[in-house]
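As structure tokens, the structure follows; a few thoughts come after it.
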Amino acid sequence: MDWTRGHAIGHGSTATVSLATSLQSGDVFAVKSVELLQSEFLQREQQILSSITSPFIVSYKGCDITRENSKVMYNLFLEYMPSGTLSNAIQAHGGRLDEPSIRNYTRQILRGLEYIHLNGLVHCDIKSSNILVGLGGAKIADFGCAKRVEKEGPIAGTPMFMAPEVARGEEQGFASDIWALGCAIIEMASGSTPWHNVNDPVSIIYWVGYSGHLPDFPSCLSEQASDFLDKCLRRDPRERWTASQLLKHPFLVGERNSHVAKQIQESNSSSNSPTSILDQCFWSSLDESESLHNSVPVPPSSESPAGERIRGLSSLSGKPGWDWDESWTTIRGGSRDEGDTIMDCIEFKDDIVSCRKAMAVGRSC
Ligand code: 3AM
């Protein structure tokens, strides 16, 4: 397809997004572009998007390679979503959405999640800035971290949206997307990300993975909405509801179908033998300064056994790669050579210098 690039409409963590026009049809679309040499995530997104189609997923329209200003660019064509991200929509509504809007967006995101999960895919980076809004509602976008559930892969995502099992580097499956959806509901209801009072990523990962705590539930939510959130934010992934189950929750379908939810609840509690997700060895290794009773997480000391555990996250077989902007964007793993340190993957910004120091302990930088 011949096309011309228009103005830039956004900047993601891996690419710049511009408006584009097809020279043949005059159709307007969005083009996500990055230099070919750095296009691994965009190419991964292309592979996934080109294999799926749903009204709740941003549509794939093709890809090509161009030479522009002596740079070779990889371009991914997407349907144009004129209203920007859900994050933009939250800000435009004064920092929080009302419950009917939260319900509508949640239903649309869940339909997208149900579809990709049924197709064996995990998104791995659900958050309001990766949901695009158009005239017909919300669609899931940014599949740069997505993976097939059966494939062992590196941990990816955004610290404050990470499920406990992801933060601990154990697994990243369908249930991890459901936890992230719960975090996106907190964003819609409160205008803040979960754990927003914690200001460095090491503390967040530590806290999410090992504290046993849940994010604060926004007090403005109705009982039904809070119950829905509770089904998303179970620390044990086996206790979290699936996308299909959540689509039948009374918050989305209304009270008259609440008996379906009751059945789901009963079958969940009989099929799961609840086990503590807390790692006793870890807890027994905590010293006083790392006590659970701290209201603000304390990063583990580099010398402590808990510190060892956190540092261990960086040497998992699929070690995390770190990359975020000032609004805490995405950790992406897997693109680095074996010899790289975790720190090589961080885009340094003033506010994460403390993280740089903390994560660099014991590793060459
Ligand atoms: O940089 P901001 O947040 O303003 O809205 C998306 C976001 O804008 C925009 O690109 C930025 C990074 O994701 N964007 C991404 N895909 C888009 C699409 N298909 C898009 N805008 C319109 N249509």
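Counting convention: from 1, in listed order, for ligands and their atoms alike.
- Of all protein heavy atoms, the one closest to atom 5 (O) of ligand 1 is Thr85 CG2, 3.4 Å.
- In Asn130, neither the side chain nor the backbone holds a heavy atom less than 4.0 Å from any atom of ligand 1.
- Just one residue in the list Leu86, Thr85, Leu97, Ile185 forms a side-chain contact (heavy atoms from CB on, under 4.5 Å) with Ser128, and that residue is Leu86.
- Salt bridge present: Lys32 and Glu45 bring a charged side-chain N and a carboxylate O closer than 4.0 Å.
- In terms of N/O distances under 3.5 Å, ligand 1 is approached by Glu79.
- Annotation: side chain of Ile57 is in contact with side chain of Phe143 (closest heavy-atom distance under 4.5 Å).
- Considering only non-hydrogen atoms, atom 15 (C) of ligand 1 lies nearest to Val17 out of Val17, Leu86, Asn88, Val31.
- Checked for salt-bridge contact, Glu165 and Arg240 meet the test: a charged N lies under 4.0 Å from a carboxylate O.
- Ion pairing of Asp236 with Arg234 is absent here, as no side-chain N (NZ or NE/NH1/NH2) approaches a carboxylate O to less than 4.0 Å.
- Counting atoms of ligand 1 from 1 in the listed order, those under 4.0 Å from a heavy atom of His11 are 1 (O), 11 (C), 12 (C).
- The shortest separation from a heavy atom of Ala141 to ligand 1 is not under 4.0 Å, leaving the residue out of contact.
- Residue-ligand proximity, Tyr80 to ligand 1, at heavy-atom distances under 4.0 Å covers atoms 22 (C), 23 (N).
- In the hydrophobic cluster analysis, where Ile, Leu, Val, Met, Phe, Trp and Tyr join through side-chain heavy atoms closer than 4.5 angstrom, Trp3 is grouped apart from Leu49.
- Note on ring orientation: taking the six-membered ring where Trp is involved, the planes of His213 and Trp207 are tilted (angle from 30° to 60°).
- Compare Thr16, Leu132, Asp142, Val28 by their heavy atoms: the one nearest to atom 17 (C) of ligand 1 is in Leu132.
- Scanning the protein heavy atoms around atom 23 (N) of ligand 1, the nearest turns out to be Met81 N, 2.9 Å.
- Salt bridge Glu187/Arg96: absent, no basic N to carboxylate O contact under 4.0 Å.
- A salt bridge is absent between Glu239 and Lys231; no separation between the charged side-chain nitrogens and carboxylate oxygens falls under 4.0 Å.
- Closest protein heavy atom to atom 4 (O) of ligand 1: Ile9 O, 4.0 Å.
- Shortest contact from atom 11 (C) of ligand 1 to any protein heavy atom: Gly10 CA, 3.6 Å.
- Of all atoms in ligand 1, listed by their number and element, those nearer than 4.0 Å to a heavy atom of Ala30 are 18 (C), 19 (N), 23 (N).
- Within the 4.0 Å heavy-atom criterion, neither part of Lys32 lies near ligand 1.
- Proximity to Gly84 (heavy-atom distance under 4.0 Å) selects the following atoms of ligand 1: 5 (O).
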